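Single-structure report; data block below.
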Amino acid sequence: MEKMKTKREENGESEELFSPELKRQKLLKQAPPPPLLTVENSLLPLASYDDDDDDDDEERGREGSGDKRLGQNGYRGERKGPDGHRQEEDNDEEEDDDDDDSHQQGSNHVKCNRQVEIRRDCPYLDTVNRQVLDFDFEKFCSVSLKNMNVYACLVCGKYYQGRGRKSHAYTHSLEASHHVYINLETEKVYCLPDGYEINDPSLDDIRHVLNPRFTREQVEMLDKNKQWSRALDGSDYLPGMVGLNNIKETDFVNVTIQSLMRVTPLRNFFLIPENYENCKSPLVHRFGELTRKIWHARNFKGQVSPHEFLQAVMKSSKKRFRIGEQSDPVEFMSWLLNTLHSDLKGSKEKSIIHKCFQGELEVVKEIQRKTTEKKDNSDGQNNGTLGDGGNEQDNVVMETCRMPFLMLGLDLPPPPLFKDVMEKNIIPQVPLFNILKKFDGESITEVVRPCIARMRYRVTRLPPYLILHMRRFTKNNFFIEKNPTLVNFPVKNLELKDYIPLPTKENEKMRSKYDLIANIVHDGKPGEGSYRVFVQRKSEELWYEIQDLHVAETLPQMVALSEAYMQIYEQQQ
């Protein structure tokens with residue numbers, strides 16, 4: 001037996017053909033004790049690989065340690081014979097083939113020289129079911145809940161990790177006989193369990209839905225396109241006018257996104273990923289992905305789910321805005337614009353947020369400070385006004401500064417306290433120009449925080465896109481109160497210079513005329529209710545009412561009959 005074993009070793013045959021128990025017995029009988037490489041070879045079949053993440057760590061370890069694992073025979077796997085070495089390389093190729101996919105973009109990972117067979121003729125392409133494909137959700141494995149090397153099964157639509165022999169996708173391919181998978185990062189399609197790559201142009205539509213892409217020429221023509229698109233289920237939809245899923249009380253996010261999609265420079269910036277490819281903020285990239293999906297003309301369905309974007313919002317806002325809790329779209333709009341700006345500003349130039357929305361205000365602050373001065377009293381008598389013989393005078397301190405703004409808050413007049421003769425609540429109306437007088441530089445606004453003061457505001461620079469919000473909700477110690485006052489506003493040709501004194505520059509045309517492009521409305525009780533938005537489609541100058549998945553054409557007159565809460569105006573060129 002000892003001679004037979006030695007002969008087997010000399011022939012280079014792998015000891016993996018024997019059971020682990022026999023190998024342990026042989027190791028114990030050997031004398032002197034075998035070197036470490038022999039034990040490693042004997043126990044190698046006992047090693048288990050959970051998924052391809054372990055292989056990633058193993059590859060990074062190889063990269064960091066160089067050739068520390070090289071044995072005396074010069075092989076990385078420390079095999080004695082050529083057959084044994086070849087076998088380990090094959091195992092690595094099966095287990096680690098995802099590393100090339102997951103790390104090929106801008107990574108310092110050392111790529112192994114492995115060739116994956118590329119075939120165009122795959123017998124399983126007819127099993128691909130586009131009806132079940134949905135790439136709007138987070139790219140996590142449905143079994144391990146990990147987000148590395150995730151593949152989507154193109155037959156059932158589920159996500160699985162890896163494609164090696166120990167991976168969940170490989171197991172699923174054997175159990176369910178589903179053989180076509182796409183890597184969600186590299187967009188490469190593979191056939192499992194065979195392991196070859198499929199290169200077929202018929203799969204390009206799936207790649208476009210997974211990662212919509214636009215050329216700059218297509219972006220420039222979006223506002224001129226009047227064509228409808230058709231989803232796989234036969235429903236028609238307008239690119240840019242698709243409904244957004246209300247996952248759970250997330251209508252405040254949906255109306256904000258729909259409003260921002262009307263801002264042409266902002267939309268065009270996020271439709272081209274090269275504009276922010278160096279930005280490391282997940283919120284920026286998720287917002288860009290959502291923008292491309294909303295404006296994509298080749299979607300498989302006529303609506304989009306903002307699930308990935310909401311996850312990025314929850315993480316970036318530290319759960320200030322979360323799924324399942326209603327929030328204020330004004331607060332969300334303010335937070336979103338400021339966060340996107342801070343994440344995008346990588347240079348001294350202004351971000352696309354400030355280029356679109358930033359204006360400037362001149363603020364005059366009057367603070368009254370009471371001072372006590374001593375007064376001479378020759379007869380020694382007290383006048384009885386002050387016990388210390390002094391008198392009180394008002395000392396007004398004036399502070400003037402200029403501050404940027406992204407949106408302007410307008411104060412509504414208080415509603416009447418009493419009902420009319422018909423015992424119905426009186427709903428007052430106020431023109432938009434009346435509440436805009438707050439920014440004429442003369443009207444005084446009383447504030448109590450951080451100190452009691454009188455404020456005067458004057459607009460010194462208008463932004464290309466003006467955001468206005470009506471302060472309908474007031475909080476007291478007991479409840480939130482909603483002001484139902486209707487605001488009468490023009491849909492087109494809002495001329496600001498007639499109501500707000502604006503600075504003029506020589507040889508520069510005053511652009512103070514605006515058109516409404518989005519109007520967010522709140523319906524229902526304060527603290528409850530729901531939000532909907534009216535938006536304009538520029539290609540046909542038609543108005544649409546959007547509430548979550550509901551998208552319907554409406555008349556411009558209906559836009560002005562609602563309880564406007566936040567509006568976006570576009571400056572006329």
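Just so you know, these numbers come straight off a predicted model, no measurement behind them.
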Self-check item: Minimum heavy-atom distance M241-I546, with the two atoms named
Solution: SD-CD1, 4.1 Å
Self-check item: Salt bridge present between K315 and E138 (N-O < 4.0 angstrom)
Solution: no
Practice problem: Please step through salt bridge (charged side-chain N to carboxylate O under 4.0 Å, His left out) for the pair R298 and D205, ending with a clear verdict. | Solution: CA-CA 8 Å; R298 298 166 61 182; D205 60 335; over 6 Å; no
Quiz prompt | D251/Q326 under side chain to side chain donor-acceptor pair (under 3.5 Å): CA gap, chis, key distance, verdict | solution = CA-CA 8 Å; D251 49 340; Q326 186 68 273; 3.1 Å; yes
Exercise. Would you give the length of the straight line joining atom CD of Q536 to atom CD1 of I517, rounded to the nearest 0.5 angstrom?
Key: 8.0 Å
Quiz prompt | L271 side chain reached by L222 side chain, heavy atoms, under 4.5 Å | solution = yes
Practice problem: Look up atom OG in S281 and atom CG in L340, then write down how far apart they are to the nearest 0.5 Å. | Solution: 7.5 Å
Quiz prompt | Closest approach of I323 to Q311 (non-hydrogen atoms, all atoms of both residues) | solution = CD1-NE2, 4.0 Å
Quiz item: When you measure from the side chain of N246 to the backbone N and O of T250, does any donor-acceptor pair fall under 3.5 Å?
Solution: yes
Exercise. Specify whether H208 and H296 have parallel, tilted or perpendicular ring planes, treating 30° as the upper limit for parallel and 60° as the lower limit for perpendicular.
Key: parallel
Exercise. State whether the side chain of E249 and the backbone N or O of S327 hold a donor-acceptor pair below 3.5 Å, judged by distance alone.
Key: no
Quiz item: Quick check: does any side chain N or O of S342 sit under 3.5 Å from a backbone N or O of T339, one acting as donor and the other as acceptor?
Solution: yes
Practice problem: For F140 and Y159, run ring-ring contact (aromatic ring centres under 6.0 Å, His included): C-alpha distance rounded to whole Å, both residues' side-chain angles, the deciding distance at 0.1 Å, then the answer. | Solution: CA-CA 7 Å; F140 282 96; Y159 294 169; 9.3 Å; no
Quiz prompt | I294 side chain reached by L244 side chain, heavy atoms, under 4.5 Å | solution = yes
Self-check item: Exam field: side chain Y170 to backbone L192, donor-acceptor pair closer than 3.5 Å
Solution: no
Exercise. Give the ring-plane orientation class for Y151 versus Y190, where under 30° counts as parallel, over 60° as perpendicular and anything between as tilted.
Key: perpendicular
Quiz item: Does R322 have any side-chain hydrogen bond (donor to acceptor under 3.5 Å, both in side chains) partners at least two apart in sequence or in another chain, and if so, which?
Solution: none
Quiz prompt | Rounded distance [0.5 Å steps], CG in L174 versus NE2 in H179 | solution = 8.5 Å
Quiz item: Do I467 and L337 have side chains that get closer than 4.5 Å, going by heavy atoms?
Solution: yes
Self-check item: Minimal non-hydrogen separation, F135 against K293, with atom names
Solution: O-NZ, 3.1 Å
Exercise. Measure up the Y160 and H172 rings against each other and bin them: parallel (under 30°), tilted (30 to 60°), perpendicular (over 60°).
Key: parallel
Practice problem: Please answer whether the main-chain N or O of V313 pairs with a side-chain N or O of S317 as donor and acceptor at a distance below 3.5 Å. | Solution: yes
Quiz item: Would a distance-only check, ignoring hydrogens and angles, find a side-chain to backbone donor-acceptor pair under 3.5 Å from H285 to C279?
Solution: yes
Quiz item: Under the side chain to side chain donor-acceptor pair (under 3.5 Å) criterion, do Y565 and D328 qualify, and how do the steps go?
Solution: CA-CA 10 Å; Y565 186 46; D328 193 334; 2.6 Å; yes
Quiz item: Could you give all pairs that pass the salt bridge (charged side-chain N to carboxylate O under 4.0 Å, His left out) test and reach residues 272-289, with sequence neighbours left out?
Solution: R286-E289, R286-E308
Self-check item: Student check: side-chain heavy atoms of K538 and E570 closer than 4.5 Å
Solution: yes
Quiz item: Out of curiosity, L154 CG to I206 CD1, how far, rounded to the nearest 0.5 Å?
Solution: 5.0 Å
Quiz item: Can you check whether A231's main-chain N or O pairs, donor with acceptor, with S235's side chain at less than 3.5 Å?
Solution: no
Exercise. Say whether, by atom type as modelled, one donor and one acceptor occur between the side chain of S177 and the main chain of S173 under 3.5 angstrom.
Key: no
Practice problem: Fit a plane to each ring of F332 and F321, take the angle between them on a 0 to 90° scale, and name the class: parallel (under 30°), tilted (30 to 60°) or perpendicular (over 60°). | Solution: perpendicular
Exercise. Could you tell me whether the side chain of N183 and the main chain of K188 form a donor-acceptor pair under 3.5 Å?
Key: no
